[in-house]
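Please read the structure below before turning to the comments.
In the text below, chain A, chain B and the rest are named by the order of the sequence lines, each starting its count at 1.
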Number of protein chains: 2
Amino acid sequence: MSTIGDVAERTGLPQKTIRYYEEIGLIRPARSANGYRHFRESDLHKLAFLGRARALGFSIEDCRTLLGLYEDNTRESASVKALAEGHLAEIDRKIDQLQSMRATLADLVTACHGDDRPDCPILADLSGDEDAP
Amino acid sequence: MSTIGDVAERTGLPQKTIRYYEEIGLIRPARSANGYRHFRESDLHKLAFLGRARALGFSIEDCRTLLGLYEDNTRESASVKALAEGHLAEIDRKIDQLQSMRATLADLVTACHGDDRPDCPILADLSGDEDAP
DNA sequence: CTTGAGCTTCCAGTGACTGGAACCTTTATA
DNA sequence: TATAAAGGTTCCAGTCACTGGAAGCTCAAG
């Protein structure tokens with residue numbers, strides 16, 4: 001039997017997060033007579049599952065779906081794959097966006113001499129200067 | 001003289017966002033007798049500046065600082081550059097994290113046959129299978 | 001018997017908006 | 001002139017996934 005402190009240590013999840021996961025119904029740990037949460041191996045397992053899914057960037061709702069699929073022995077792997085592919089596409093979208101930001105920003109940073117004078121291509125660009133770098 | 005609708009259209013920012021920017025003190029549009037906001041060219045300019053800074057991923061607080069620097073003719077370009085470099089580093093960190101997620105997820109997606117059978121390497125990995133792909 | 005660690009709940013805050021309700025103003029039309 | 005539509009206003013609540021903090025209970029050690 002393990003209390004929340006143990007579980008937090010073993011899963012690497014903050015206690016607050018574990019309580020939150022219970023609150024939104026992702027896990028349902030039992031309670032001891034003193035009111036403390038009492039985590040079984042299956043709870044540990046679920047939390048570890050959640051930790052890994054979150055680390056891959058799945059949303060909480062995706063995690064809920066994934067847990068459901070995991071526990072459903074009649075699932076079709078196509079469902080899981082579709083969810084993962086959707087998430088992958090979302091990640092790609094975000095990477096593209098960040099790389100586009102990065103490119104512009106890196107150009108601006110390079111163009112800025114960064115000394116004690118006020119002249120600054122970064123501000124010029126932000127202010128709408130057409131002749132920006 | 002322009003009302004919020006005009007300004008929203010000209011800057012591409014939602015009206016809600018423009019009101020929000022006023023609420024948090026990024027802009028201070030005047031008011032007409034009827035209570036409507038009345039935007040001057042300088043407000044338009046600031047909003048466009050904010051739109052571009054936000055598009056580069058700067059936080060609202062960074063934007064506030066950038067606007068302050070923009071309006072301060074005695075600024076040192078080094079201050080702007082430092083801010084931008086910090087943001088650039090943050091973007092790089094995010095890109096790295098997303099690319100790491102992407103790599104793992106792409107492997108899993110490739111490994112999953114995605115048919116009507118329940119067997120699924122994605123779930124196996126999330127559940128802590130040591131022999132994951 | 002007190003101290004400290006560990007657990008509990010509940011409330012508030014984060015960032016940057018976004019949606020919606022309820023209401024006011026202006027303009028166009030029947 | 002009545003009214004309806006289009007535009008503006010404020011205020012409150014919700015998003016997402018936690019996180020911090022306060023107040024209070026339980027338990028083991030000294």
- Per-nucleotide protein contact string for nucleotides 4-9 of chain C, where B marks a base within reach and S marks sugar-phosphate only (heavy atoms under 4.0 Å, - for neither): --BSBB
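A sub-4.0 Å separation between OP1 or OP2 of D/dT19 and a side-chain N or O of A/T17 is present.
In this structure, CD of B/E61 is placed 17 Å from P of C/dG13, rounded to the nearest angstrom. If you take OH of A/Y20 and P of D/dG20, they are 15 Å apart, rounded to a whole angstrom. Atom NE2 of A/H87 and atom C1' of D/dC16 are 14 Å apart (whole Å). As a whole-Å value, the separation of B/I27 CD1 from C/dC17 P is 12 Å.
Contact of the A/Q99 side chain with the B/Q99 side chain is registered, since non-hydrogen atoms from C-beta on lie closer than 4.5 Å. Here the side chains of B/I27 and B/I18 are in contact, with some heavy-atom distance below 4.5 Å. The closest side-chain heavy-atom distance from B/M101 to A/L88 is not below 4.5 Å.
The pair B/E22-B/R19 fails the salt-bridge criterion, with no side-chain N (NZ, NE, NH1 or NH2) lying under 4.0 Å from an Asp/Glu carboxylate O. Between B/D115 and B/R117, at least one side-chain nitrogen of the basic residue sits less than 4.0 Å from a carboxylate oxygen of the acidic one, meeting the salt-bridge criterion.
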Could you list the donor-acceptor pairs under 3.5 angstrom formed by side chains in residues 78-86 of chain B, with sequence neighbours left out?
residue: B/S79; atom: OG; partner: B/E76; partner atom: O; Å: 3.2
residue: B/K81; atom: NZ; partner: A/V109; partner atom: O; Å: 3.4
residue: B/K81; atom: NZ; partner: A/C112; partner atom: O; Å: 2.7

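Ring geometry for B/Y70 against B/F49 counts as tilted: the plane angle lies between 30° and 60°, on a 0 to 90° scale.
Neither side chain, B/S127 nor B/D129, offers a donor N or O lying under 3.5 Å from an acceptor on the other.
Remark: nothing in residues 48-58 of chain B comes within less than 4.0 Å of DNA chain D through any heavy atom.
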